[in-house]
Each structure stands twice: as structure tokens, then as C-alpha cells.
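Note that the structure is a prediction, hence the values are computed from the model and not measured.
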Amino acid sequence: MSSLSEKRNKPGSVVASANGKWVSYAHTAFAGYAFLSALVLGMTLHFHKIVRNEFYGYPEEWFPSVSAAIGDRYPERSVFQIFIAVTAGPRFALIFLTYLVNAKPGAFFPKVHAIVGLIRTFTCGGWVYITSTDDHDWHDIFMIAYMLLTIPWTIGGIKISATGTALKWRKFFGISFYVMIIPLVYFFIQHKINHVPGAYTTYAFCEWSLIFFDIAYDAVSVFDFSAFEIRVIDMNGITAGFPPVGKSSPRDLKVKDAGLLTGFSIGGLLRFAISVYNSFVFWSVLTSLGVLIWYFPLWYMGISGYEVTLLSSIAPVLLGLPFATKLFAKFPQIAQLGQLIGVAAYLVPGPSDRLLTVTAGVMFGTIALSIEFWNVTARPFLGLSKATAFSIGFILSVIAKFACYANNPIWPIMHDENGGWNKTGLALGVVAAFLTTRPQAGAIDVVPSSRRGSFVWSACGLAGLIFNLHSLLSDSSTLTYWVWSGYPVTGPLPVPHGVVTIFAMAFGVYIGVVARSFSSSWRAFIIGSIGATVLYSFENWTGYIGGLVLTVYLLSIVPAFLESASIHAPGRTFGLAFFVYDLLVLAHVWVVAYAFVPGGPLLRERTDIVLGIAMLLIGLGVYGVGRVPTSGSSSAKSNSINFYKVRSFALIFLTSLSALAASIAYKRMSTETPKPYNPDSKLMTVGIWTIHFGLDNDMWASEVRMRDAIRDLELDVVGLLESDTQRIIMGNRDVTQQIAEDLGMYADYGPGPNKHTWGAALLSKFPILNSTHHLLPSPVGELAPAIHATLDVYGTPIDVVVFHSGQEEDVEDRRLQTAGVTEIMATSSNPLILLSYLVTKPLEGNYNTYVSDKSRMHDIDPSDWDRWCEYILYRDIKRVAYARVSRSTITDTEIQTGKFVVGVDPTSSNVQIPESQVPKEYHYPAMFRGEGVRGHRYHVFDEPRYYQ
């Protein structure tokens, strides 16, 4: 043993060294060989298979795309994956050395560039090891994220590179990469849209060129890395098998702080991720409460009594009891597990029991939030870390809704059949809850009592902040519908511009981390208030830009406001905050439900007052924030490591979530033009349906069931009433998104949430040339929305009006609304179809104004006496069929539908004929006869009616 010990190297010996250029050589060789080997093997073994696409094969197409070459065939895929795995080591070394080359004192962008490089590497692994056969969606998401992150990676590398040979070649390969995208897109369109033979082969060459330029861009690093020598130093003299190649100097044994990883640890990142997920659960449970409450007044047609459950959010007042505070502070896991009751509520079948279950979840959730932030300023930058995670959790909930068509997948109105991810959300929540910690426990608050001021200012500010986040930003499409004005499109759309809203949120979170002093200042408050004013006052892009300004401001003040609240007793501060928030939620409902609630006229259509009060409360919060030490601006060197840690975590999450959101937006963008069901016969099938705000009779989200019914009935055009769900009490949802995207239809959401109606929407397989939104006169009762749209139906402009009349009790309102809609129809010169909710008996009262010489409209079936709400009227177009279809348990109202033929003599008679005398393409689907399908069947007449 002693002889072996004598042969060991001395401490500090350099046992191995290599020039840094070998990192670049290795990366280039392994990456290049991975792609080249897959191409050669594929061309050799499966040539005819990999050059074939959905339209052509050999000889029209004779060169494979990248995805075809590296795809699902053995052994190409296996060889490719092996060498990509081998490339990972040099890849991570390349990113690290690139950072060392470009890092400078005070320089921030090299850190961002390195983080982008790391995330980009992981997304590469995503699309390499999850093939399109394994999971097409995730393969595409990772691929799109990789391509998007290539932009900041290449442009950032050029920006931070020093002048010289490396910069010259980076510019060359970077520019070549982006220039090549132009012919790539062109030939893809030629292939996909125009079906040009051979276009895909040219596209494939462009695609392989991108691979070459991508690898070559990173190969340029050889010019930088040649200046490095990589050494392995035996610090303790433990090696014996390698003779020393040199001796280190004392300077070699010191590691200079790299900035990017300052304070970084896997454990710290894990704790941050736990806080993010706990916040995601908090927002998911809180935002679900309003949806469940809304179910009951919807069926009661007035106050039901269940509205009192809204006050469950003031549960933090229980922390005024000393034993409760001690219990939850010592065991924060209890409250976190408790709020998961709201996620598990989907297991409860009965609507009332499910609401009460969610109520318990909200109570625990608000207590968990209060305890999490209580005394958080006692630890340097802990408040900044927790608040940033809270904001990122909020963004995660928004992205989850963005991915699931405006429904949160862990809401208790979701389940496996309608797209829910409840089990996954619950399982992750349990893990996060058990791993929850409270680092400030036992620490002494650094803010003396004399400097804390009144808790009222902090509570008011927090109430205004949470309300605005909930009402305006808890869904990425809410801002777009605030400014939506109809067709032609002159403003943002939910897809893709919802991702712009998410980007603005992410930017606001970052501002809150690095510029807390500014974001909590009066200057920032004024800017945010101007944004709110512009959002309320203008439509289209102008209003949306104002909304984005407000978005950035709201997310930026989260750390300051939560830290301000944390220095006061949690019971009274968070209890008061959520009580004021509840009052704002009620006011938010009162502006539209004024006809059904006490004191309704006081806030009738006064969204401006509600928004103004919320901003005023935020102003009070700004006043209170001035009394709290600004953690993000501390100059103490011992604290800076914590600040950089928070900033690093924030950048990792914000960059990843932004890339994910962009991938989702790309995935959801439709490239196909909607097509009607029966173009050869020039048939136009229309329908009207009152959908009860997308909640079925058992309190489940009903978009999927609605989609299936509309699809099976082959409706080319459908009007949806009671469809505006962009409010807190309705979950800030959009019932049109999934139906329109899945069925390939254009969508007009109708008057937005700031127009104070219950909603009217139009979905159409035909292009919408123009649409105008109307608010019909309603001096007493609820506002009556209408959409007047002109569609391009087989080259013929045809007008469609979707209209919801007021209540039966408001006789004068309905008379004025009848006159207004009649005027709209009378002034139109095009053939016209009215899809409506009229509240009248056939052949009586206002019916005779809708169907009159002035309107020139005809009833689709005057003999159908059993109607009160829904009606279809028409003129100057050939009516051939009419049917009434039962609602199943989706809503309380049936589907009425009619069939019309375009381009023929529009003369119609009311003489009914048997189905056998009607061309087969005019027939309604047989699946709805008898017992029907999924609870839908022809009812009232028990079969469709056809006319001469």
C-alpha cells in the first residue's frame, strides 16, 4: 500500500489538458455524422419510402426531407439518436465556453444567451427522442420551440461576439440560415397547398441546408475556443495512473464567479418550481369557483343563495386565531394539501356538493397564500423569489387554458371525456404540497413596527391587483375580446395574438424582478392607468396596446404588493384583501346582471367604474409599498447572490414558458380554408342554439359535446346565444374556440365582455366578409346583442343576423328591440337569414313585426305553433328543410336548424313533401331519428320537414 501511495501525483498536479478547439471539433463531428449517417442509411435501405410524401413519390420526388431521413425506420433512427446523445457532452461544454468567452463585468445578455442555449438543447432532445409517431403533438411542440429559440441563439451570438474571424463567419452562416427560410416556406406552400410535383424535393434541400448552416454556425466557435486550455487538476493527489503534465498555480485553484450560476443550485430550482406549481394550483382553484357559482343563478334565473360561497376566499381571517396561525405556519403543507380539495372536486358528481368541495379548496388556498408570504421579508430576497414564482404560476395557468381552448384542464368542470387533466394535476399537486417549505419560519422581521404603516393600504392594493389579474388576464383571449369589433379583422385575435399577451405577462414579471423600485413607483402607476384607460376607450390595435401596457404593469407590481402585505398580520391583511376582492367580483357581475340583482341599476353597464375603482385600489397599494424595504435594490454584497438566483430562475421559467406558449400558438393556427359540408349542391345548413354559457345540466364544460352535435348535423352556419363567458363568474372562457378550430369554421365572438350582454356568437364555414355588432335598445332589462354579418356563400353575398331578445317581463324593451332588428333586416339588400331568440308566440305580437312587409322576412315554418324562444326567418333564398333537435343534457334549449339552397329560384311554398321526394344531399342525417345519438334526436315532429 505504501508503494502505491508514493506513486500518486502531488496535489495541484495537472493530469490532463486539451485545447478548447477540440470541444468545437467534437460537437461538429458528432452532430454532422448523426444527420449524415441517417441520410446515407435511409437512401440506401429505404429510398422509395423516404422520398414519398402524401402527394407524390419517385421519380417526381427523389430526395428525402430531414424528418423522413431521421424518422421512424430502423436502423436510421437508432444511429441518429445514438450520435445525437454523444453530441450532448460537447454541446453543454460549447455553451459553457461560449459564455466564458463573452462574459464581461456587468454584462447581462451573455447570461440570457447561455440560458437560451441550454433550453434549446433540451428542446432538441425533445424532438429527437419523441418522434412524430410516439406523440405527434409533443414532437411538433419541441421542434417549434427549438426553431424559435434558434433565433435568439444565433442573433444573440452575433451580438455578443467580439470582432474578428469568428464574428464574420457567424454573420455569414446566421444570415444564410435565415435567407434559406424564404425558399423553404415558398416550396413548402408549393407542395402543401398547390401540390406541385418535385416541390418537396426542393424543400428538402432547403431543409438540409438549414441543418448545415445550424451546425456550421456552432462550428465557428473553434476560432474562439483555440484560446482556451482545458485542464484536469488533481486537487488532493488521488490519481496515480496519469503522470502529471504540469503544475497548477494558486490562481488555477480559484474559481471566479461566473455570474450565470451565481447562487444557482438544483435544490433551489426545485424549491422555486414547487412554489410555481403551488401558485398554479391556487389560481386554478380560485378561478374555478366563479364558474361553479354561476351554474346556480343560471338555473334559478336569479340569486340562488349559493353566491355566498364567494366569501370563502376571506378564510385568512381565521389566522386571527393564534393557534391557527401557529399550526399553518409550522406545517404549511396542510394548507397546500387542503387547496387540492378544489382540484379533486371533479370526483364529486353532484353540482351543489362539487361547489361546496371547491369552496373548501379556496379557503385553504387563500390561507396557504397568506402563510406563504407572512413575514417573507425576514429573509433577503425570499419575498422576491416567492412573488416571482406566484406570478409565473399565474402565467402557467393562462398557458394551460391557452393550450386547452380557454378551459383550465384541472378545473372541476373538466374530466377525461372533455379534455381534463385532473388526475395529473392532482398527483403533481400532492408532490408539490408535501415538498412545500417555509424558509422564513423562525426568522425575525426586519421591518420595525414604526415603519409598517397601516395594513389597509396593502390590503386594498392587493385586492385591486388580484381582481385585475383575474378579470383581465386569467385567459389570454380576454383582452382581444375587449377590443374585438368584427370582420374584416382589424385587431388582435385569440390565436395567435393570445401569445403576445402571455409575452407581455412574462416581460412584466421580469421587470418586477430587476426594476422593483420603478415598477412600484407613481410613474409606473400613471403609465399603467393610461394603459387601462386606452383599453377601455378604444377598439382594435389601439385598445389592445393599452391592454398590453396594463398587463406589463400589473405583473411587475406583484413582488412589491405581496411583500408589502407580508409585513402585517396575515389574518387581517389577506382577509381584508380578499373581502374587497369579493366586492369587486360582485360589482363585475352587477354591470351585466343588473336586471336580476338588487341595486342593479347602480352599476348597470359601468365597467368603467369597476375598472377605475380597481386601479384606485392599486394606487392605495402603491402608497403602502413605499414603506417596505426594496429587496430587489439592496446593495449588500451578501444579498446579491440571492438576487441573481431569483433572476436566473425567473429567466429559465419565463423563457421556457414563452417558448411553450409560442409553440401552442403555432400548433393551433389553422392553415386550411374552411369548407362547407355540401358544396356540390350549394347547400347551406344553418342552426340556432342557446348554449347556457357552455355548462351542461350536470355542471361540466360542454364544448366537446356541442362540437359533436354541430358536426353530426352538418351545420355550415350556427348562431350561439348566451355565449359570452369572458367574466370572472363564467371563468373567462371562450366557448367558440374549440368548436371553430376542430370543425374548421370562422368565428365572430360578437359583442365583447365590456359591452355588457349575455353574448351572441356566429360560426361559419363560409368566409365572413363583414360583420357589425349591435346593442339593441334596453331601457329597463338586459341588453340585447345582435350580429349582422355578410357571408360569401358559394360566391353569393348572404346576410345572417344572430339576435337574442330581452326578457318576457320587459315588454317595452322587446318592442324596441323588435323594431331595431327589423330595421337592420329591412335596410339589407342581400338574401338574409335570421337566427334568433325572440320570446314571442307564432303569429302573435312582435312576431308580426319580424315577419312583415317591412322586413320582407318569412318564417321557416309558420305551421310550427310550439315555439317561444328560438326562430329561424329567411328571405330571397330557397328553403328546403327544417328540423328541431333535442338538447340532450347540454343546455335547456333545443337546436333549430334549416337547409337552404343558393343560386336557384328562391320561391318557396309551405307545402310539405316526404323525404323520398327530396334529393339525397338535402337529407338530414338519419342518426338523429328514433332514439337518436348521445341524447340528441328529432323531436316535436319526430322527423325533419321538407318543402316544395
Can you check whether [X] and [Y] have ring centres sitting under 6.0 Å from each other?
| X | Y | answer |
| --- | --- | --- |
| Tyr544 | Trp482 | no |
| His497 | Trp541 | yes |
| Tyr837 | Tyr871 | no |

Checklist entry - Is Asp942 paired with Arg929 through a side-chain N to carboxylate O contact shorter than 4.0 Å? => result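 So Arg929 does not pair with Asp942 through a salt bridge.
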Next on the checklist: Quick test of your reading of the model: are Lys878 and Asp905 salt-bridged, counting only N-O distances below 4.0 Å?
Outcome noted: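 Asp905 and Lys878: not salt-bridged.
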Next on the checklist: Please check if the number of heavy atoms outside Gln917 that lie under 6.0 Å from its CD is greater than 12.
Outcome noted: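 Enclosed.
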Next on the checklist: Within the supplied structure, the quantity of interest is the number of heavy atoms (other residues, nucleotides, ligands) at a distance under 6.0 Å from Asp853 CG; does it exceed 12?
Outcome noted: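 Open.
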Next on the checklist: Apply salt bridge (Lys or Arg N to Asp or Glu O under 4.0 Å) to residues Arg856 and Asp876 and explain how you reach the verdict.
Outcome noted: CA-CA 9 Å; Arg856 311 189 304 282; Asp876 301 332; 5.0 Å; no
Classify the side-chain pair [X]/[Y] by whether it contains a donor and acceptor separated by less than 3.5 Å.
| X | Y | answer |
| --- | --- | --- |
| Ser477 | Arg733 | no |
| His773 | Asp748 | yes |
| Ser778 | Gln817 | yes |
| Glu894 | Gln896 | yes |
| Asn540 | Thr490 | yes |
| Asp799 | Ser828 | yes |
| Glu782 | Thr757 | no |
| Thr690 | Glu870 | yes |
| Asp859 | Tyr874 | no |
| Asp892 | Trp299 | no |
| Tyr749 | Asp724 | yes |
| Glu943 | Tyr938 | no |
| Tyr481 | Asp734 | yes |
| Ser771 | His788 | no |

Can you measure from [atom1] ([X]) to [atom2] ([Y]) and round to the nearest 0.5 angstrom?
| X | Y | atom1 | atom2 | result |
| --- | --- | --- | --- | --- |
| Leu493 | Thr480 | CG | OG1 | 7.5 Å |
| Tyr487 | Ile787 | OH | CD1 | 10.0 Å |
| Met699 | Tyr295 | CE | OH | 7.0 Å |
| Asp810 | Arg815 | CG | CZ | 13.5 Å |
| Met745 | Asp716 | CE | CG | 7.0 Å |

So, the side chain of [X] versus the backbone of [Y]: is there a donor-acceptor pair under 3.5 Å, distance only?
| X | Y | value |
| --- | --- | --- |
| Asn846 | Thr849 | no |
| Trp590 | Arg604 | no |
| Asn848 | Leu843 | yes |
| Ser886 | His939 | no |
| Asp475 | Arg727 | no |
| Thr840 | Glu844 | yes |
| Asn407 | Pro409 | no |
| Arg814 | Glu808 | yes |
| Asp698 | Trp700 | no |
| Thr790 | Leu769 | no |

Next on the checklist: Assess the residue pair Arg705 and Glu417 against the criterion (salt bridge (Lys or Arg N to Asp or Glu O under 4.0 Å)); give the C-alpha distance rounded to whole Å, side-chain angles, the decisive distance to 0.1 Å, and a yes or no.
Outcome noted: CA-CA 10 Å; Arg705 298 174 65 195; Glu417 288 73 22; over 6 Å; no
Do [X] and [Y] make a side-chain contact, defined as non-hydrogen atoms from C-beta onward lying under 4.5 Å apart?
| X | Y | result |
| --- | --- | --- |
| Val610 | Val591 | yes |
| Asn678 | Met684 | no |
| Val686 | Val718 | no |
| Ile739 | Arg711 | no |
| Ser471 | Gln726 | no |
| Leu776 | Leu783 | no |
| Ile913 | Val918 | yes |
| Leu683 | Glu921 | no |

Considering all heavy atoms of both residues, which atom of [X] and which atom of [Y] are nearest to each other, and what is their separation?
| X | Y | value |
| --- | --- | --- |
| Ser723 | Val735 | O-CG2, 3.7 Å |
| Phe402 | Ser476 | CD1-OG, 3.3 Å |
| Ile664 | Ala403 | CD1-CB, 3.6 Å |

Item to check | Pair His804-Trp758, ring pair (Phe, Tyr, Trp, His ring centres under 6.0 Å): steps then yes or no | outcome: CA-CA 9 Å; His804 190 306; Trp758 296 122; 9.1 Å; no
Checklist entry - Are Lys854 and Glu823 close enough, and set up right, to give a salt bridge (Lys or Arg N to Asp or Glu O under 4.0 Å), and what steps lead you there? => result CA-CA 8 Å; Lys854 180 176 181 179; Glu823 187 64 27; 2.9 Å; yes
If you draw the axis of the six-membered ring of [Y], does the NZ or CZ of [X] fall within 45° of it and under 6.0 Å from the ring centre?
| X | Y | value |
| --- | --- | --- |
| Lys765 | Tyr677 | yes |
| Lys899 | Tyr924 | yes |
| Arg668 | Tyr666 | no |
| Arg879 | Tyr947 | yes |

Checklist entry - Would Asp864 and Arg884 satisfy salt bridge (Lys or Arg N to Asp or Glu O under 4.0 Å), going step by step from the backbone distance to the final call? => result CA-CA 10 Å; Asp864 183 4; Arg884 297 175 65 173; 2.9 Å; yes
Next on the checklist: Apply side chain to side chain donor-acceptor pair (under 3.5 Å) to residues His756 and Thr607 and explain how you reach the verdict.
Outcome noted: CA-CA 8 Å; His756 315 103; Thr607 292; 2.6 Å; yes
Next on the checklist: Would Tyr946 and Tyr882 count as a ring pair (Phe, Tyr, Trp, His ring centres under 6.0 Å) here? Give the steps.
Outcome noted: CA-CA 7 Å; Tyr946 298 94; Tyr882 168 54; over 10 Å; no
